[in-house]
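Below is one structure, written out as structure tokens, with a few remarks after it.
All chains are named by letter (A, B, ...) in the order of the sequence lines, taking the proteins before the strands, and each is independently numbered beginning at 1.
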Amino acid sequence: MNNVSLVVTAIVGCAAAIAGGALPVRTRVGAAVILTWGACAAAFVGAVHVLQTGHPMVLNSTRILPITGVSMALDPLGAIFVVITAVVAIASTLYWLGYASHGLSSRTASAAMPVFVTSMLLVPAAGSVATFMWLWEVMALASLLLVLVDQRRREETRSAAQWYAVMTHAGAAAILLALVMIAGHGGGQTFAAIRIHAAHLPTAVRTTAFLLALIGFGSKAGAVPLHVWLPKAHPEAPSPASALMSGAMVNLGIYGILLVGDRLLGGGPTWWWLVVTGVGVISALFGALHAATSTDLKRLLAYSTADNMGLVLIGVGASGLFASTGHPIVASIAMVSALLLTVNHAAFKGSLFLSAGSVQVATGSRDLDRLGGLMKRMPVTGAVFLVGGLAIAALPPLNGFVGEWMLFQSLLHGLPTSSTAVAIAVPVGVAALALTGGLTAAAFVKAIGIGFLGRPRSEGATTAHEVPRTMQFGAGLLAGFCVVLGIVPSIVMPALERAAAVAVPGASARPLSASTDLRLVGFQGVLAPALLAGGLALAFFLVVILRRIAQRRSDLRLTLRSAEPWGCGRELQTARMQYTATSFAEPLQQVFDDVLRPDRDLDVSHLAESRYYTEKIAYRTSIGDVIEHNLYRPIIGAVYRWGLWARRLQNGSVHRYLAYGLVVLVIILAVIV
Amino acid sequence: MSGGGSLVGGVLVAGIQITAVAVGGPLLVGIMRKIRCRLEGRIGPPIHQPLLDLRKLFSKQRMRPEQSSWVFGVAPVVLVATSVLIAAMAPLATTRPPFGRTADFFAIVFVLLLGSVSLALAALDTGTPFGGMGSSRAMTIGALAEPALLVAILAMSIPAHTSNLPALVRIGLVHPQLIASPERILALVSFLVVILAESGRLPVDNPSTHLELTMIHEAMVLEYAGPDLGLVTLGESMRLALLLGLLVNLFAPWGIADRTGAAAFTIGLAALFAKVVLAGIGIATFEVFTAKLRLFRLPELLAGAFVLAVVAAVTALVVR
């Protein structure tokens with residue numbers, strides 16, 4: 001049992017990729033999907049075994065990769081991420097079966113998808129620097145191919161892929177540097193060897209390596225200000241790939257930070273974790289604010305990913321803070337909450353991206369201002385999106401609520417025990433968490449209300465039909481997890497506790513007494529999600545029954561009459577009179593004007609006869625990314641100018657190249673002699 | 001009548017608290033209207049008028065706008081259900097409500113939020129400009145009020161080492177000096193502003209206006225009629241009563257039953273009524289002398305509440 005599952009995952013995953021690349025178009029996707037499920041199932045079984053026993057799964061082979069060999073070691077922390085990836089991948093590939101006819105059945109896509117899934121399943125199992133970087137790069141390249149699927153049709157796709165490629169490779173370079181630095185000073189390149197020598201590393205090396213890893217993995221996790229690729233690549237990728245990227249891939253950024261910060265370096269000084277918390281706060285607020293003001297459905301979801309990863313980082317940072325100030329139990333609670341937030345995010349964001357893809361397929365648009373009225377036309381997709389949206393807004397009885405409650409509890413109980421720096425950081429964290437929560441609720445009321453309720457705002461939305469069953473099931477599976485994890489989160493708690501015990505240095509305690517209630521051990525804090533859900537359901541039926549009783553007395557039957565809504569006496573109401581996503585977000589946009597810096601453009605043209613009458617008014621508004629505009633554009637501009645200048649070195653003249661050769665030779669000789 | 005100890009007692013306590021809130025909420029609204037009318041020199045409707053209105057509404061036929069989906073019909077039920085759940089669990093007349101150990105303050109805030117969100121969704125489901133307008137404004141105010149509320153809760157929870165609501169109320173009984181502590185007073189002001197914002201009172205929203213363009217809450221529920229409107233009105237008045245009930249119990253817990261037994265519970269119920277009515281009279285009086293703020297001045301008010309809450313949290317840490 002100990003390492004068979006890793007081998008099977010790798011082999012079946014490769015077989016899936018070959019099947020996707022080699023088979024004819026009719027059988028290609030089906031074969032690739034079934035084989036990918038095999039790989040996911042094998043990885044899932046192995047990871048669950050690791051979580052149950054607590055013993056890592058080890059595999060070493062010198063035959064596969066030359067020089068370095070392959071070294072795998074799956075511990076409970078990694079196993080959590082394998083389980084998340086496997087579940088999201090099964091749902092997304094199920095969805096892919098129905099989605100394939102909408103431009104995702106090419107050889108490249110069918111081969112890249114299994115490679116992407118398999119590499120994500122194996123990254124958390126990597127046990128050495130070389131293996132890790134190898135799998136990490138395969139994952140990055142496979143996902144890049146998937147982002148590029150639509151590139152022939154859309155100009156934006158190419159630009160998005162460029163951004164993604166640059167950000168992910170700059171990140172990979174930072175990660176490589178960090179890992180090589182600690183491996184070089186330590187006893188070797190396997191993680192086990194690094195861990196033994198980590199305590200003896202010079203402080204400068206530890207700090208530099210941690211910061212580099214934070215940058216590298218932070219860019220993968222979409223941490224602000226390294227998030228710029230996220231709102232570009234996630235919307236442009238085909239929806240099953242976006243669901244995988246947002247539900248599974250960004251998590252691995254979090255895994256990386258935990259790997260380097262906690263597992264390899266064994267924790268660090270308080271200020272490291274203050275930095276992590278700070279990054280989390282900024283990501284959460286920035287992401288939530290942009291999600292609340294976005295009008296593109298998938299862009300909204302992508303910003304909300306940055307927001308959620310920010311919340312996870314707050315949990316990771318808080319855990320580190322409490323551990324570094326000597327409070328391992330609160331640190332464990334914070335770590336469990338961070339992992340729970342990750343699990344939850346995978347469930348709701350996966351289902352949201354998949355149902356957003358269904359909307360795009362059914363209506364041909366993902367612009368909220370062109371949607372509406374889909375709840376009646378696509379009831380299943382609408383219900384799935386509703387569940388996902390309410391879950392992400394942290395409303396009971398769904399899973400997002402449980403995660404946020406735990407994060408609040410860890411911050412509350414960590415507060416009185418800690419130093420001044422922590423005492424200032426934590427209220428700020430709570431405030432950010434709360435504001436994020438409010439903004440997220442607004443963002444998803446907008447997404448659900450404008451996208452699925454009311455009247456259809458375009459031809460495409462009017463004629464929309466429900467998507468194929470496989471797509472409904474794929475999205476519905478993950479929405480089902482949102483409900484189950486919201487009512488009985490205790491089913492994943494033992495696994496998360498075991499992973500947290502691995503991640504938090506010096507902690508072995510079980511921070512939660514797991515019955516169906518969530519009870520913090522050592523603190524007064526209890527949440528009974530099942531009771532809340534049951535109470536809500538009971539109250540709901542009580543109200544319905546009382547309404548019936550009240551109605552029975554009247555002579556009017558319970559028939560529901562539908563009527564024209566009130567329009568201030570106007571006869572005709574059109575869909576264009578409704579609030580749009582832009583107008584819905586306008587008050588928030590005004591409140592946060594200084595942060596968002598929207599571009600507004602107002603053209604008023606007057607009638608020729610009299611300036612007192614206007615002929616037409618044109619109003620344009622768009623919200624760009626302030627960070628992209630103020631941080632990245634200048635850098636890109638500088639690089640471009642430098643490139644132009646450097647081009648002067650090459651003018652095609654052989655004489656000049658010979659002169660360069662001579663100069664370099666002289667310099668080399670001068671240096672050597 | 002213990003917290004989950006005896007099932008019958010628990011159900012009885014929950015039932016009485018729910019009934020008290022469901023009847024008391026509309027009465028509270030009636031009293032507040034009466035006070036306002038009297039202070040403005042009018043006689044005003046009798047205080048049980050909201051109950052009569054409810055009876056009338058529930059005897060009417062259900063109606064819905066033609067473009068709406070099932071969300072429109074479900075939202076009022078969810079709104080009332082959230083209020084019923086909180087009325088059952090919260091420490092209103094006793095500090096030992098059934099399932100009180102799970103009545104976490106953060107959890108209750110999120111349950112309340114579920115009610116607000118479902119109403120905001122229903123407003124968008126009407127497909128009219130008023131619904132969208134009300135929904136957009138309500139969610140904006142909600143997004144800005146939530147941080148103040150949650151940080152205020154944090155500030156109150158720090159000295160108590162828990163965010164369990166019955167425990168927070170009880171600690172005020174056991175250590176009365178905590179109520180006069182600076183962090184509780186700052187949190188009180190913050191909490192009060194949030195209650196005014198969440199329940200749509202002046203200076204945030206005018207509950208008695210009927211001019212569509214100036215309203216927030218009324219714009220959201222404009223399309224409701226008959227029993228559904230009855231549910232919305234009932235749900236809103238229950239929320240007001242609940243929030244005020246929590247407020248008075250957190251900042252003036254005296255009279256609340258801290259023991260089991262029918263006598264203590266009855267006294268607790270009477271004390272609750274008296275305190276909530278007093279708070280309601282206070283708010284109504286305040287409303288007479290206040291004008292509604294412009295929509296875009298509201299963020300300043302809510303940011304003020306937020307700053308107070310943060311100061312409260314920091315004070316709680318320094319004072320400890």
Do any side-chain atoms of residues 532-539 of chain A form donor-acceptor pairs under 3.5 angstrom with protein atoms, and if so which ones, sequence neighbours left out?
none

Tell me, out of [options], who's got the most heavy-atom pairs with chain A below 4.5 Å.
options                                : value
B:Ala303, B:Ala313, B:Gly142, B:Ser157 : B:Ser157
B:Asp104, B:Val84, B:Val151            : B:Asp104
B:Pro159, B:Ala107, B:Gly73            : B:Ala107
B:Gly132, B:Pro147, B:Ala103, B:Ala81  : B:Pro147
B:Ser68, B:Ala309, B:Ala120            : B:Ser68

Once rounded to the nearest 0.5 Å, what's the spacing between atom [atom1] of [X] and atom [atom2] of [Y]?
X        : Y        : atom1 : atom2 : result
A:Phe592 : B:Leu144 : CZ    : CG    : 5.5 Å
A:Arg561 : B:Glu66  : CZ    : CD    : 11.5 Å
B:Leu154 : A:Leu412 : CG    : CG    : 6.0 Å
A:His413 : B:Ser163 : NE2   : OG    : 6.0 Å
B:Leu150 : A:Leu433 : CG    : CG    : 8.0 Å
B:Arg101 : A:Leu531 : CZ    : CG    : 8.0 Å

Check [X] against [Y] and note the closest heavy-atom contact, atom names and distance.
X        : Y        : answer
B:Phe110 : A:Leu395 : O-CD2, 3.8 Å
B:Ala143 : A:Leu439 : CB-N, 3.9 Å
B:Gly127 : A:Arg455 : O-NE, 3.3 Å
B:Leu121 : A:Leu386 : CD1-CD1, 3.9 Å

Tell me, for [X] versus chain A, whether the close heavy atoms (under 4.5 Å) come from the side chain, the backbone, both or neither.
X        : result
B:Val111 : both
B:Phe306 : side chain
B:Ser135 : both
B:Leu231 : side chain

Contact leader toward chain B among [options], where contacts are heavy-atom pairs under 4.5 Å:
options                                : answer
A:Lys376, A:Glu586, A:Glu404, A:Lys446 : A:Lys376
A:Gly449, A:Pro456, A:Pro396           : A:Pro396
A:Gly373, A:Ala288, A:Gly525, A:Ala394 : A:Ala394

Could you check if a side-chain atom of [X] sits within less than 4.5 angstrom of a side-chain atom of [Y], using non-hydrogen atoms only?
X        : Y        : answer
B:Val80  : A:Arg547 : no
B:Asn164 : A:Val526 : no
B:Met133 : A:Ser583 : no
A:Phe540 : B:Val74  : yes
A:Tyr579 : B:Ser136 : yes
A:Met375 : B:Asp125 : no

Side chain, backbone, both or neither: which part of [X] has a heavy atom under 4.5 Å from chain B?
X        : result
A:Leu588 : both
A:Phe401 : side chain
A:Thr580 : neither
A:Pro379 : neither
A:Ile450 : both

Aromatic ring pairing A:Phe408/B:Phe106, orientation class (parallel under 30°, perpendicular over 60°, tilted between): parallel
Intermediate values then yes/no, side-chain contact (heavy atoms from CB on, under 4.5 Å), A:Phe584 and B:Leu124: CA-CA 10 Å; A:Phe584 187 91; B:Leu124 284 170; 3.9 Å; yes
